[in-house]
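No hydrogens, no waters, no symmetry mates; every other heavy atom, side chains included, goes into these values.
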Amino acid sequence: MVEKFIMAGDTALHICDSEVGEKTVVLLHGYLENMLVWDNFVSLLYKDVRIITLDIPGHGISEVKGEIHTMDYLADTIAAALDKLGIDRATIVGHSMGGYVALAFAERHTDRTEGLVLLHSTPYADSEEKRKNRQREISLIRSGKKELLAHTAPEAGFAVENRNRFRTEIEDLQQTIYLTEDAGIIALLNGMIERKAQSEMLHALNRPILFILGKKDGYIVPEVAEKMVAEHPEAEVVWLENSGHMGFIEEAQKCASALLDFVGRI
């Protein structure tokens, strides 16, 4: 993987590019993560496809641009990055918040979307309760209490029975939160609060779609995941039986095999 900074439109973007492969897969990380979260997963993919990872603006060391990073802005930034890299089309894989960005990309850049993968993510807008929770997180950040997020969010992403086994990964994610700019966290929270529902867009997309979901996900609980699956018969579905919200870590091989199989059939 070649690590570099590029200008994607007017945004300085930190990316890694494996540079080789007939087909391209873009991996978009989730909230309170950065592109390093994919490192072990990439090792299962890069021999078969070209892999692009990046720090979504507001996280990692990509640029923070104002008080709100809308999903549309982030999608357009990724499209500009593909322009810079000379990539016409790609399969876009979004984990959690990255899935919201992937949905916006598919809507705005359909001709460049070879396939769409929602990895522990949904096309639903925030509920009123979820918006209030995000506002509370913004208040925590502004009051200098980011450590409360670091203590709770990473561990909650893993199935209970996996937390000891992935203690190192949880600690790495905690450290990532401490290093993330407060302004970037707030910008992305604001963007998620205002994002729209994308179910109708998905129905009309006419592109291959894959949902990868965890049976033990505490963020997208089984009832919500099953509702999403029932409402979107156009999507292929892979269930990770022993994963929480971090299936690309908890069941990396199964997750990678599902993704490569999907890309191989496009």
Side-chain angles (χ1 to χ4, degrees), residues 11 28-35 37 54-78 94-108 118-158 170 172-202 213-214 217-225 227-228 231 244-246:
T11 301
L28 302 177
H29 64 75
Y31 172 58
L32 300 177
E33 299 168 5
N34 61 32
M35 70 181 186
V37 78
L54 55 100
D55 287 340
I56 289 177
H59 281 5
I61 51 177
S62 289
E63 192 173 3
V64 179
K65 304 281 284 188
E67 293 185 3
I68 178 168
H69 285 186
T70 67
M71 301 303 109
D72 288 352
Y73 153 68
L74 296 170
D76 291 348
T77 300
I78 290 157
H95 174 239
S96 197
M97 177 192 74
Y100 310 149
V101 182
L103 287 159
F105 183 96
E107 179 185 43
R108 296 170 70 82
L118 296 186
L119 176 57
H120 306 290
S121 192
T122 82
Y124 303 133
D126 275 357
S127 65
E128 190 55 41
E129 180 185 4
K130 189 66 178 176
R131 288 191 185 99
K132 287 177 180 175
N133 287 339
R134 295 200 200 279
Q135 292 288 1
R136 279 193 282 270
E137 288 189 24
I138 289 171
S139 297
L140 274 180
I141 300 297
R142 286 186 168 145
S143 61
K145 296 177 180 174
K146 185 165 66 176
E147 71 275 4
L148 295 178
L149 286 181
H151 286 313
T152 57
E155 186 166 86
F158 291 79
I170 289 169
D172 288 346
L173 286 164
Q174 290 172 332
Q175 190 62 26
T176 294
I177 295 172
Y178 285 120
L179 295 174
T180 302
E181 287 187 60
D182 291 2
I185 297 176
I186 291 169
L188 287 170
L189 283 166
N190 281 326
M192 287 190 285
I193 287 168
E194 82 151 30
R195 79 183 190 283
K196 64 185 179 182
Q198 291 280 30
S199 285
E200 290 307 312
M201 186 280 294
L202 264 190
L213 300 163
D217 193 332
Y219 288 109
I220 304 173
V221 295
E223 309 87 81
V224 172
K227 173 176 178 282
M228 178 176 76
E231 290 176 353
H245 198 62
M246 305 294 288

So, Arg142 side chain and Ser139 main chain: donor-acceptor pair closer than 3.5 Å or not?
no
Step by step, would you call Met97 with Leu32 a side chain to side chain contact (heavy atoms under 4.5 Å, CB included)?
CA-CA 9 Å; Met97 177 192 74; Leu32 300 177; over 6 Å; no
Atom CE in Met201, atom CG in Leu103: separation rounded to 0.5 Å?
4.5 Å
Working to the nearest 0.5 Å, report the span between CZ of Arg195 and CG of Asn190.
13.0 Å
Heavy-atom nearest pair, Gly94 first then Ser121, reads O-CB, 4.1 Å
For Ile56 and Tyr31: C-alpha separation, side-chain torsions, deciding distance, then whether side chain to side chain contact (heavy atoms under 4.5 Å, CB included) applies.
CA-CA 9 Å; Ile56 289 177; Tyr31 172 58; over 6 Å; no
Drop me the distance from Ile138's CD1 to Leu189's CG, to the nearest 0.5 angstrom.
5.0 Å
Before giving the answer on salt bridge (charged side-chain N to carboxylate O under 4.0 Å, His left out), spell out for Glu128 and Arg131 the whole-Å C-alpha distance, their side-chain angles and the decisive distance to 0.1 Å.
CA-CA 5 Å; Glu128 190 55 41; Arg131 288 191 185 99; 3.7 Å; yes
What one should report as the nearest heavy-atom pair of Pro154 and Leu173 is CB-CB, 3.7 Å
Shortest non-hydrogen contact between Val224 and Ile220, atoms and distance
CG1-CG2, 4.1 Å
Any side-chain heavy atom of Thr180 within less than 4.5 Å of one from Asn34?
no
What's the separation between atom CG in Leu54 and atom NE2 in His59, rounded to the nearest 0.5 Å?
12.5 Å
Closest non-hydrogen atoms of Leu74 and Pro57, given as atom of the first, atom of the second and distance, are CD2-CD, 3.7 Å
Min side-chain heavy-atom separation Gln174-Ile170 under 4.5 Å
yes
Tell me, do Leu28 and Phe105 make a side-chain contact under 4.5 Å, heavy atoms counted?
no
Between the side chains of Glu129 and Lys132, is the shortest nitrogen-to-carboxylate-oxygen separation below 4.0 Å, so that they form an ion pair?
no
For Glu147 and Gly144 the tightest heavy-atom approach is OE1-O, 3.5 Å
Ala75 and Arg108: which non-hydrogen atoms are nearest, and at how many Å?
CB-CD, 4.4 Å
Rounded to the nearest 0.5 Å, what separates atom CG in Leu188 from atom CZ in Arg134?
10.0 Å
From His95 atom NE2 to His120 atom NE2, the distance as rounded to the nearest 0.5 Å
5.5 Å
Determine, step by step, whether Ile177 and Lys146 satisfy the side chain to side chain contact (heavy atoms under 4.5 Å, CB included) criterion, reporting the C-alpha distance in whole Å, the side-chain angles of both residues, the deciding distance to 0.1 Å, and the verdict.
CA-CA 8 Å; Ile177 295 172; Lys146 185 165 66 176; 3.8 Å; yes
Met71 and Glu107, any side-chain heavy atoms less than 4.5 Å apart
no
Apply side chain to side chain contact (heavy atoms under 4.5 Å, CB included) to Val37 and Met246, showing your working.
CA-CA 10 Å; Val37 78; Met246 305 294 288; 4.2 Å; yes
Counting only N and O atoms by type, is there a donor-acceptor contact under 3.5 Å from the side chain of His245 to the main-chain atoms of Asp217?
no
Is the NZ or CZ atom of Lys227 positioned over Tyr124's six-membered ring, under 6.0 angstrom from the centre and within 45° of the axis?
yes
